[in-house]
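Some notes on the structure that comes next.
By convention here, the first residue in the shown sequence is residue 1. The structure presented is a predicted model; accordingly, all values stated were derived computationally and were not measured.
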Amino acid sequence: MSVRVCAVLALVLSLVACTSAFAGNNRGNGYGNQVGGVSISAEGALGNTDPLELKQLNELLLEQLQGPTAKQKKPTELRKISLRSIEQALSEHGQNTCRTLPEEIKFLAGIQRLQYVLLYPESNDIVLAGPGEGWKMDGKGNTVGVTTGRPVLNLEDLLVAFRTVESARQGKLSCSIDPTAEGRQRYEQLMSTQKTFTAGIVGAIEKAFGDQQITISGAPETSHFACVLVAADYKMKRIGMKLEPSPVKGLVSFIDMAPAKIDNMMPRWWMACNYEPMGRSEDGLAWELRGKGVKVQTEDEFVNNAAGTVRGTGKASPIAQKWSDQFTSKYDELAVQEPVFGELRNVMDMCVIAALFAKEGLPAKAKCDLPQLTSTSSKSGLDKWNSPKKVATQSSATKKGNNWVITASGGVSINSWEAADKTVVQPAISGTRDSAKARTGAAEAPWWN
C-alpha cells in the first residue's frame with residue numbers, strides 16, 4: 001500500500017545567527033563572515049561554522065571588546081542617550097564604519113530596548129531612553145547585557161532603520177527564504193516515482209529541492225540589519241520544523257502539533273511588528289513605544305505541484321495559528337535564549353522610531369538637525385557582510401498516521417509605519433521627559449541614567 005506524503009514544502013537551512021558590530025569584516029584575521037556559528041561565503045551560501053573556528057572568533061571578539069565602565073555596567077530601568085551627541089560623533093567620524101566608534105556610541109550606551117523618544121527644543125536635542133546596562137560577549141558572537149543576556153542596541157541597525165524608512169512606508173522592508181519553483185517541480189517528479197515513503201528518502205528530497213533562495217527587500221543586503229532579518233526567519237523555521245530543540249519550555253514544534261492530513265496546503269509564517277498604540281504627551285515632545293514588538297503571523301498557501309508555485313489563501317489553519325500564538329507568547333524568553341530574536345525586536349523598534357521621526361517631523365520639532373544619523377545621503381559607513389543569498393535544503397520527516405510531514409516556510413515583514421500611525425495621549429509621559437532632562441556632565445557624556 002502506498003504511503004501518502006504531506007508536502008508542506010521544503011524549508012530549511014543552516015545556522016545563520018548574525019550578530020553585533022565587530023565581526024562583519026574580519027577577513028584579515030582569517031575568519032571571513034563566520035559569526036554566531038555561521039559562515040557566509042563570498043557566494044552568499046550559508047553553512048555551519050566549525051566549533052573550533054567559533055571559539056577562535058569569540059577569542060578575537062573578546063580581544064577587540066573594551067567593555068563598559070563601572071558606571072555603564074550597572075543595570076538601570078531607564079538609560080538615556082543623546083542623539084545630538086551621536087550626530088556629533090558620526091560627523092567627526094567621517095566615512096569610517098561604526099566599528100571604530102567608542103563602544104558607548106556603537107552600542108547606544110547598552111540600552112536593550114527602545115522605550116521613549118524625548119524631545120528638548122530648548123537644548124536642540126532628542127533623547128532615546130530604555131532599560132540598559134553594561135555589555136559583554138555571550139560566547140556565541142552576540143553582544144548582550146551583562147546580567148539579562150538580552151542583546152544591546154546596535155548603532156548600525158539604527159542608521160539602516162533611518163535609511164530604509166521610505167522602503168518601510170511602501171511596505172517593501174522584508175526578507176524571505178523559499179524553495180525555487182524548479183525545486184518544487186523536481187520534488188514532485190521525485191515523489192511521483194515513489195510507491196512507498198520512508199525516512200530514508202529525505203536525502204533525495206533535499207537534493208531535489210536544491211538550494212533555497214534568500215530574498216532581502218528594502219535594506220542593504222550586506223548590512224548587519226539584513227543578516228538579523230534572515231537569521232530570525234531561519235531560527236523560527238528551525239524551531240517550527242523540529243530541526244533543533246526549542247530553547248524555551250512550553251514552545252513545541254509545529255511538526256509535533258501538525259495533524260495527520262494537510263494535503264497540499266502549506267502553512268506559511270512570518271514575523272511582523274506587534275505594538276500597542278504609541279503613547280504621546282499632549283505637546284508631542286515625549287513618545288513611548290509600547291507592546292511586545294514582534295508577533296508571528298500565519299496564512300495557508302495553496303501549492304500547485306505541477307507548476308511549482310504557491311499562492312496565499314487568506315486563511316489560517318487552527319493548528320498553524322496555535323503555533324503562531326505560542327511562539328509570540330514566548331517571545332520575551334526567546335529573545336534571551338536566542339539573542340537574534342532580541343536583535344530582530346530591536347530592529348523593529350528602531351524602524352518604528354524612524355517612521356515616527358519622518359511622520360511627525362521630530363528633528364524639526366526639537367530644533368535638532370541630524371543629517372548624519374537620519375539622512376539617506378549620510379556619509380557614515382557601514383560594515384559590509386557577505387550577502388546571504390542561498391542555503392541548502394535540510395528536511396525533517398515525522399510520521400503522522402499514514403502520512404509524513406516534511407517541511408515549512410516563513411519570512412519577516414516590518415510594517416513600521418502602521419505601528420507609528422497609532423497613538424494615544426498619555427499625560428504621564430511628560431513626567432518622564434521632565435525627569436530625564438536633568439543629567440550630570442551633560443556637556444561631556446552622551447548618555448546618563
**Study point:** Spatial distance of atom CG (L373) from atom CD1 (I86) [nearest 0.5 Å]
**Key:** 6.5 Å
Review point. Do the ring planes of F341 and Y331 sit parallel (below 30°), tilted (30 to 60°) or perpendicular (above 60°)?
Key: perpendicular
**Study point:** Exercise: identify the closest heavy-atom pair between I216 and A219
**Key:** CG2-O, 3.9 Å
Check your understanding: If we ignore angles and hydrogens, is there a donor and acceptor under 3.5 Å between the side chains of Q337 and E333?
Key -> no
Review point. Taking side chain as C-beta onward, heavy atoms only, is E244 less than 4.5 Å from K235?
Key: yes
Review point. Does F327 have its ring centroid less than 6.0 Å away from the ring centroid of W269?
Key: no
Check your understanding: Are side-chain heavy atoms of L289 and M278 found at a separation under 4.5 Å?
Key -> yes
Check your understanding: Counting only heavy atoms not in K359, do more than 12 sit closer than 6.0 Å to its NZ atom?
Key -> yes
Exercise for review: Test side chain to side chain contact (heavy atoms under 4.5 Å, CB included) on K322 and Q326 and set out the steps.
Suggested key: CA-CA 6 Å; K322 182 179 180 180; Q326 175 186 250; 5.6 Å; no
Review point. Would you say the side-chain atoms of R79 pair up with the backbone N or O of Q72, donor to acceptor, closer than 3.5 Å?
Key: yes
Practice item. Report yes or no: does K330 contribute a side-chain atom to a donor-acceptor pair with the main-chain N or O of K249 at less than 3.5 Å? Key: yes
Point to revise | Side-chain donor or acceptor of Y275 paired with backbone N/O of K422 under 3.5 Å | key: no
Exercise for review: Dump the intermediate steps for side chain to side chain donor-acceptor pair (under 3.5 Å) on E166 and Q170, then the final yes or no.
Suggested key: CA-CA 6 Å; E166 183 60 23; Q170 297 175 7; 3.0 Å; yes
Point to revise | Any donor-acceptor N/O pair, S246 side chain to L251 backbone, under 3.5 Å | key: yes
Point to revise | Criterion side chain to side chain contact (heavy atoms under 4.5 Å, CB included) on C351 and L173, from CA distance to verdict | key: CA-CA 10 Å; C351 287; L173 189 55; 3.9 Å; yes
**Study point:** Considering all heavy atoms, the nearest V340-A232 contact
**Key:** CG2-N, 3.8 Å
Check your understanding: Do the non-hydrogen side-chain atoms of V294 and C273 ever get within less than 4.5 Å of each other?
Key -> no
Revision key, fill the gap. Taken to the nearest 0.5 Å, the spacing of S253 OG from K242 NZ works out to 5.0 Å
Point to revise | Distance-only side-chain donor-acceptor flag, H224 / D383, under 3.5 Å | key: no
Study note, to complete from the structure: The reported gap from CZ in R169 to CG in N415 (rounded to nearest 0.5 angstrom) is 14.5 Å
Check your understanding: Looking only at heavy atoms, what is the nearest atom pair of E338 and P247, with distance?
Key -> CG-CG, 3.9 Å
Review point. Do the side chains of I239 and F254 get nearer than 4.5 Å, heavy atoms only?
Key: no
Check your understanding: Does any non-hydrogen side-chain atom of L382 lie less than 4.5 Å from one of F225?
Key -> no
Check your understanding: Would L78 and Y116 count as a side chain to side chain contact (heavy atoms under 4.5 Å, CB included) if you check the C-alpha gap in whole Å, the side-chain angles of each, and the deciding distance to 0.1 Å?
Key -> CA-CA 9 Å; L78 205 63; Y116 294 101; 3.6 Å; yes
**Study point:** N/O donor-acceptor pair under 3.5 Å between S375 side chain and Q372 backbone
**Key:** no
**Study point:** Short side-chain to backbone donor-acceptor contact, T423 and A420, under 3.5 Å
**Key:** no
Practice item. Determine, for R280 against E360, whether the closest basic-nitrogen to carboxylate-oxygen distance falls under 4.0 angstrom. Key: no
Practice item. Could you go through the side chain to side chain donor-acceptor pair (under 3.5 Å) check for N346 and E343 one step at a time? Key: CA-CA 5 Å; N346 288 344; E343 289 195 273; over 6 Å; no
Review point. Which atom names give the shortest non-hydrogen contact between C227 and P388, and what distance separates them?
Key: SG-CG, 4.2 Å
**Study point:** W323 side chain vs V252 backbone, donor-acceptor pair below 3.5 Å
**Key:** yes
Review point. NZ/K136 to OG1/T147 distance, rounded to the nearest 0.5 angstrom?
Key: 8.0 Å
**Study point:** Spacing of CD belonging to E133 relative to CD belonging to E77, to within rounding of 0.5 Å
**Key:** 12.5 Å
Point to revise | Expected output: side-chain R345 to main-chain K292 donor-acceptor under 3.5 Å | key: yes
Revision key, fill the gap. Between S223 and W385, the two heavy atoms sitting closest are C-CD1, 4.1 Å
Point to revise | side chain to side chain contact (heavy atoms under 4.5 Å, CB included) evaluation trace for L128 with V117 | key: CA-CA 5 Å; L128 301 182; V117 180; 3.9 Å; yes
**Study point:** Heavy-atom closest pair, residues E104 and W447
**Key:** OE1-NE1, 3.0 Å
Practice item. Please confirm whether the backbone N or O of S174 pairs with a side-chain atom of W270, one donor and one acceptor, at under 3.5 Å? Key: no
Exercise for review: Compare all side-chain heavy atoms of I414 with those of L229 and state whether any distance is below 4.5 angstrom.
Suggested key: yes
Review point. Side-chain contact, heavy-atom cut-off 4.5 Å: R150 with V144?
Key: no
Review point. Are the side chains of W287 and I353 in touch, meaning some heavy atoms are under 4.5 Å apart?
Key: no
Practice item. Nearest 0.5 Å please: distance from the CD atom of Q321 over to the CD atom of E299. Key: 11.5 Å
**Study point:** Expected output: side-chain E87 to main-chain D369 donor-acceptor under 3.5 Å
**Key:** no
